[in-house]
Each structure stands twice: as C-alpha cells, then as structure tokens.
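Being a predicted model, the structure only gives us computed values, none of them experimental. Numbers restart at 1 for each chain; the letters A, B, ... are given by sequence-line order, proteins then strands.
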2 protein chains.
Amino acid sequence: MSTAHDVLFRTLADPTRRALFERLCREGEKTVGALTARAGVSQPVVSKHLGILKQAGLVRDRHEGRHTHYSAQLGALTPLVDWTSQMAGFWQSRFDDLEDLLRRMDQ
Amino acid sequence: MSTAHDVLFRTLADPTRRALFERLCREGEKTVGALTARAGVSQPVVSKHLGILKQAGLVRDRHEGRHTHYSAQLGALTPLVDWTSQMAGFWQSRFDDLEDLLRRMDQ
DNA sequence: CTAACACATACCCCAATGGCTATACGATAA
DNA sequence: TTATCGTATAGCCATTGGGGTATGTGTTAG
C-alpha cells in the first residue's frame, strides 16, 4: 500500500526536486527552461523531476505552444499537514492519559 | 548545506523508518525488542533505523540495564511544519499580489 | 518546407541505501 | 566466572534512483 503521505515524503525527500517545488511556490508559474536555468542540473533531469512532482500532485502543467508552464499545487501538501497533526495528536493524547493517571493517583 | 527540513524529509521518506516513528508516537516508549517484534524486518535493521531517527532528532534513547528504550521527540517535527507554512505563505502572498494588481486595475 | 527550438523520453551509469547474516559488546543471571 | 540475553556494529549484496548524453516529438520561425 502506498499512502498519500508516503508519496509526499518520498517525492519531497530529494533536494533538487524540493528546490524546484519551492521555486514554484515562491515565484509562481515557470517554464521548464526558466527552471533549468537555475536548477544546477540538465534539462532532462528537470523534466524528470517535474514529472515525479506532477505524479505526486504537487505541480500542474499547462501547455502553451512549444512551452510548458509548471505551477505549484499547494493543496497537495494537505496529507503532510494531516500526518503531522495526527502524530502530534497521538503524543498529546498519551500526555492526557498520563495527566489523568497522575490526577487519579493524587486522590 | 543540509537544512533541518532536508534531514527530516530524507529520514521520514523510508516507510519502515516512518512506521517505527509512528509507533513510538502512538504507543509511547518501546524497547528495540518490542519494536522488532512487529517491524517486519530484522533486529539489526531496526537498530540502524532507530540510529538514523535519533540522528535526525526524531527519537530519544534511554538505557536501562541491557534494554534500550526509545521514544518519539515530537518537537523535532517543527522544521517540517515551518517549511510547510512557509510554502503556504509564499503561495498566499503571490495571491495577495494578484489581488492588489486586480484592485489597481479596477480603478 | 525546413531549420531551430522547447520539452519529453530512452538508455546507461554509478553512488546511496535498505535488507540480510555474523559477530562484537555490555549487562545480568546462574 | 561463565552463559545468556538485548542491542549495536561490521560486512556484504541487490535494488533504487538521481545524474548524464543522445534522441524523439511537436511547434514556431524563416
């Protein structure tokens, strides 16, 4: 089974790929050429990473003539936020249990 | 350069490792043996993953006789939350810029 | 129609990494 | 002290995956 946050963590684990996503978040829509210019890797590598980001739902592409524009899809980060708050929730409830225990012991 | 969220994404990208961390969040402190029992991998592999989680600051270990107890360090997730809200922030501010532009064009 | 362009795909290479078994090491039990 | 137990480390192997170059495909310019 491959859960949503599984895909997100895997996809965002690579620095080059994450840098591409960050640029799209900061600077908005960009063409492959513009992204390649400052990516530090070759154009085919950029295209491959963008493909992986797209599969993860993190980016969208829009074709315009012979250019392809990519943009960040921020909503795709939701499962990541959910996972994080779920972990925090488990931790909190165990803390609450401890508090309960201490309170009962106090009586 | 290896930023904090860089380490976190890399560390949490592996399913086995993330499962260990999740169990520690859900069920609290556990020994290596207890974790190995349901991990689906060998004890040395569990130990290795726990070592990586520890390096990332995601878990703590406590030695008690010949047992080692591991527990989740939830605070270590903070850089992940920060990164996410930073990305959301960039997206939001670009949206605000667009709103400003449209408002000025409207006059 | 042809050439140049923007991007995607195919293919190969190599380093990183996750899994294993064997073993070392510290602590306890006998 | 010796045997056993719990965990960590060492060494090995197979796979994954990120990087490159070469080339395919569709589009616009001349």
Side-chain angles (χ1 to χ4, degrees), chain A residues 1-3 5-24 27-73, chain B residues 1-3 5-24 27-73:
Chain A
M1 184 179 73
S2 186
T3 63
H5 52 262
D6 195 32
V7 172
L8 286 182
F9 276 119
R10 250 207 324 271
T11 304
L12 294 171
D14 180 69
T16 307
R17 200 151 53 219
R18 203 172 53 250
L20 286 170
F21 179 70
E22 288 178 10
R23 277 195 65 198
L24 291 175
E27 307 170 16
E29 200 181 61
K30 291 251 174 273
T31 67
V32 176
L35 289 169
T36 302
R38 292 176 176 263
V41 291
S42 66
Q43 174 267 313
V45 168
V46 171
S47 278
K48 193 195 283 186
H49 281 307
L50 288 171
I52 295 172
L53 285 167
K54 185 182 169 188
Q55 265 197 292
L58 286 165
V59 300
R60 246 183 117 263
D61 60 345
R62 180 174 67 81
H63 297 280
E64 186 182 320
R66 54 185 176 186
H67 296 266
T68 310
H69 299 264
Y70 281 88
S71 54
Q73 290 289 97
Chain B
M1 183 180 72
S2 186
T3 63
H5 52 263
D6 195 32
V7 172
L8 287 182
F9 276 120
R10 249 207 325 272
T11 303
L12 294 171
D14 180 70
T16 306
R17 203 151 52 218
R18 202 172 53 249
L20 286 170
F21 179 70
E22 289 179 10
R23 277 195 65 197
L24 291 175
E27 307 170 16
E29 198 180 62
K30 291 254 174 270
T31 68
V32 177
L35 289 170
T36 301
R38 292 176 176 264
V41 290
S42 66
Q43 175 268 313
V45 168
V46 171
S47 277
K48 193 195 283 188
H49 281 308
L50 288 171
I52 296 172
L53 285 167
K54 184 182 168 187
Q55 265 196 294
L58 286 165
V59 301
R60 244 184 117 262
D61 60 346
R62 180 174 67 81
H63 298 279
E64 187 181 318
R66 54 186 176 185
H67 296 266
T68 311
H69 298 264
Y70 281 89
S71 54
Q73 289 291 97

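Side-chain nitrogen and oxygen atoms of B:Thr16 include at least one within less than 4.0 Å of the OP1 or OP2 phosphate oxygen of C:dG19. Taking only side-chain nitrogens and oxygens, A:Tyr70 never comes nearer than 4.0 Å to OP1 or OP2 of C:dA6. Side-chain nitrogen and oxygen atoms of A:Ser47 include none within less than 4.0 Å of the OP1 or OP2 phosphate oxygen of C:dT9. At the phosphate of C:dG19, OP1 or OP2 sits under 4.0 Å from a side-chain N or O atom of B:His49. Between A:Ser42 and D:dG20 there is a side-chain polar atom (N or O) within less than 4.0 angstrom of OP1 or OP2.
Note: CZ (A:Arg10) to P (C:dG18) measures 13 Å, nearest angstrom. In this structure, the CG atom of A:Leu20 is 14 Å from the C1' atom of D:dG19, given to the nearest Å. To the nearest angstrom, C1' of D:dC12 lies 10 Å from NZ of B:Lys48. Atom CZ in B:Arg62 sits about 16 Å away from atom P in D:dG6, given to the nearest Å. Counting to the nearest Å, the C1' atom of D:dG18 and the CD atom of A:Gln55 are 16 Å from each other. Between A:Glu64 atom CD and C:dA6 atom P the separation is 14 Å, expressed in whole Å. Protein atom CG of A:Leu50 is 16 Å distant from nucleotide atom P of C:dA6, rounded to whole Å. For A:His67 and C:dC5, the NE2 to C1' distance is 8 Å, given to the nearest whole Å.
Residue A:Gln43 places no side-chain atom within donor-acceptor reach of the base of C:dA6, judged by atom type and a 3.5 Å distance cut-off alone. Between the side chain of A:Arg66 and the base of C:dC7 there is no donor-acceptor pair of N/O atoms closer than 3.5 Å.
Closest of all the heavy-atom pairs between B:Arg10 and B:Arg17 is O-NH2, 3.4 Å.
By the 30° and 60° cut-offs, the orientation of the rings of A:His69 relative to A:His67 is tilted.
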Any chance you could lay out the side chain to side chain contact (heavy atoms under 4.5 Å, CB included) test for B:Val59 and B:Ser71, step after step, and finish with the verdict?
CA-CA 5 Å; B:Val59 301; B:Ser71 54; over 6 Å; no
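Residue B:His63 is the one, among B:His63 and A:Val45, whose nearest nucleotide of DNA chain D lies closer to the 5' end (criterion: closest heavy atom).
As judged by a 4.0 angstrom heavy-atom cut-off over every strand, B:Val41 is placed among residues touching the sugar-phosphate backbone only.
The local environment of CZ in A:Arg60 is sparse, with at most 12 non-hydrogen atoms from other residues, nucleotides or ligands closer than 6.0 Å. For A:Gln55, the CD atom is loosely surrounded, since the number of other residues' heavy atoms within 6.0 Å does not exceed 12.
Of the candidate nucleotides C:dA10, C:dG19, D:dT7, C:dA10 has the atom nearest to the side chain of A:Pro44.
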